[in-house]
2 protein chains.
Amino acid sequence: MEDLINKYKGRGFKLTPQRIEILRFLEGNTSHPTAEDIYREIKKKYGTVSFATVYNTLQALKERGELLEVTIDPERKHFDPNSTPHHHIICGSCGKIEDVFEDYSGALKLPEKVLEKFTATGNHIDFFGICADCKN
Amino acid sequence: MEDLINKYKGRGFKLTPQRIEILRFLEGNTSHPTAEDIYREIKKKYGTVSFATVYNTLQALKERGELLEVTIDPERKHFDPNSTPHHHIICGSCGKIEDVFEDYSGALKLPEKVLEKFTATGNHIDFFGICADCKN
DNA sequence: ATTGTATAATGGAATTATTCCAAGATGAGA
DNA sequence: TCTCATCTTGGAATAATTCCATTATACAAT
Ligand SMILES: [Mn+2]
Ligand SMILES: [Mn+2]
Ligand SMILES: [Zn+2]
Ligand SMILES: [Zn+2]
């Protein structure tokens, strides 16, 4: 917890009670929560917190490269405090999202036709599937 | 045009003037338009058309497997009338999205750890880059 | 061709997601 | 401890998406 506070000290990132609560919720969280998941959690402790504060904090973390926005689910955005490069798999039945830590970059050569028009800087793979729980 | 109408006849898909205009706009369109792009185009001909009609039509086409929702851009959804499997690359500067027709599936083996929890059914790669126009 | 009718589509209104910005809180420096 | 520039908060505004009562479509029967 002190570590968490020290981690964000300085650099123009002000630590408010609401933010500390958001940071604690995100710390080590691998569930890929939505803005609403985060809002509901923070509201338990700070009844007057707003969605705006949640979005503002997520935005600030994104700008610092400490949070990723995951777009695998067309229904809603998910957020990921693990900003090391990795991919995701989503269950088509329950929507659960899990991490795929594997480096495929050596195999992802773009066709010549695309390279004529783009310089590539990165990639992210969305895997689709069914999780063991949903397979009954 | 007659082809377009015959293509959608039957199967409970009713062809209204608004829908025909939407279908004509999407036919062969490789620009990956947003709902608003489509709405603005249809409104030129049908001034009273609503976003609801655009969304309803896109939904109906998705359910028929004739339209893909592209989630590469976290700002907004894009739609793609080419429903054959392919990947995308987006320019980080201007937001332009282009197609990547290449089959990487042979190289995308999931780690054992993930296979224990998921049965994979598909994948989609988001490539990030800078387009030639934006590189100045 | 015309009419009847089951079913599906339209679009204004409601809801939900996201952003804006005036008021208030934070923290580096004195 | 106090000041004050800067940043954050959260109610209100805006934008994105969905709901559902009304209307249109297309097939079937005349
Ligand atoms: Mn992740
Ligand atoms: Mn495409
Ligand atoms: Zn599942
Ligand atoms: Zn560009």
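All figures in this text were calculated on a predicted structure; none of them were measured in a lab. Per chain, numbering begins at 1; letters A, B, ... match sequence-line order. Atoms considered below: every heavy atom in the structure, side chains included; atoms not considered: hydrogens, waters and symmetry mates.
- Between B:Leu15 and A:Leu15, the residue anchored closer to the 5' end of DNA chain D is A:Leu15, taking for each the nucleotide with the nearest heavy atom.
- Residue B:Thr57 places its side chain closer to C:dT10 than to any other of D:dA26, C:dG27, C:dT10.
- The phosphate of D:dT9 (OP1 or OP2) has a side-chain N or O of A:Arg19 nearer than 4.0 angstrom.
- Aromatic rings of B:His88 and B:His32 (six-membered ring for Trp) have centroids within the 6.0 Å cut-off, being under it.
- Comparing D:dG11, D:dA24, C:dG27 by their closest approach to the side chain of B:Lys14 singles out D:dA24.
- Relative to the side chain of A:Phe13, the nucleotides D:dG11, C:dT10, D:dT8 differ in distance, and D:dT8 lies closest.
- Following rounding to the nearest Å, B:Leu23 (CG) and D:dT25 (P) show an atom-to-atom distance of 14 Å.
- Partner of A:Leu67 under the side chain to side chain contact (heavy atoms under 4.5 Å, CB included) criterion, out of A:Leu58, A:Asp80, A:Asn82, A:Thr57: A:Leu58 alone.
- Checking D:dT9, C:dG27, D:dT8 against every side-chain atom of A:Thr53, the shortest atom distance belongs to D:dT9.
- Distance, A:Glu21 CD to D:dT9 P: 13 Å, rounded to whole Å.
- C:dT10 atom P lies 13 Å from atom CD of B:Gln59, rounded to whole Å.
- Rounded to an integer number of Å, the gap from B:Ile38 CD1 to D:dA16 C1' is 14 Å.
- Proximity of a side-chain donor or acceptor of A:Asp99 to a complementary backbone N or O of A:Phe101 within less than 3.5 Å is not detected.
- Contact check for B:Ile125 versus A:Leu108: side-chain heavy atoms found under the 4.5 Å cut-off.
- A donor-acceptor pair under 3.5 Å is absent between the side-chain atoms of A:Thr71 and the main chain of B:Pro74, judged by distance alone.
- Within the 4.0 angstrom heavy-atom criterion, only backbone atoms of the sugar-phosphate kind lie near A:Pro17; the bases stay farther away.
- Counting only heavy atoms from C-beta on, B:Ser50 has its side chain closest to C:dG12 among D:dG11, C:dG27, C:dG12.
- What separates CD of B:Glu36 from P of D:dA15 is a distance of 9 Å, to the nearest Å.
- Closest contact between the side chain of A:Tyr55 and the listed nucleotides D:dT9, C:dT19, C:dT7 involves C:dT19.
- As rounded to whole Å, 11 Å separates atom P of C:dA8 from atom CD of B:Glu63.
- For A:Thr48, a side-chain nitrogen or oxygen approaches OP1 or OP2 of D:dG10 to under 4.0 Å.
- In this entry the distance linking CZ of A:Phe51 with C1' of D:dT8 reads 18 Å, nearest Å.
- Summarising the geometry, the separation between CG on B:Leu58 and C1' on C:dA9 is reported as 14 Å, rounded to the nearest angstrom.
- Contact annotation: B:Thr16 side-chain N/O to C:dT10 OP1/OP2 distance is under 4.0 Å.
- Contact check, B:Gln18 against C:dG11: a side-chain N or O comes under 4.0 Å of OP1 or OP2.
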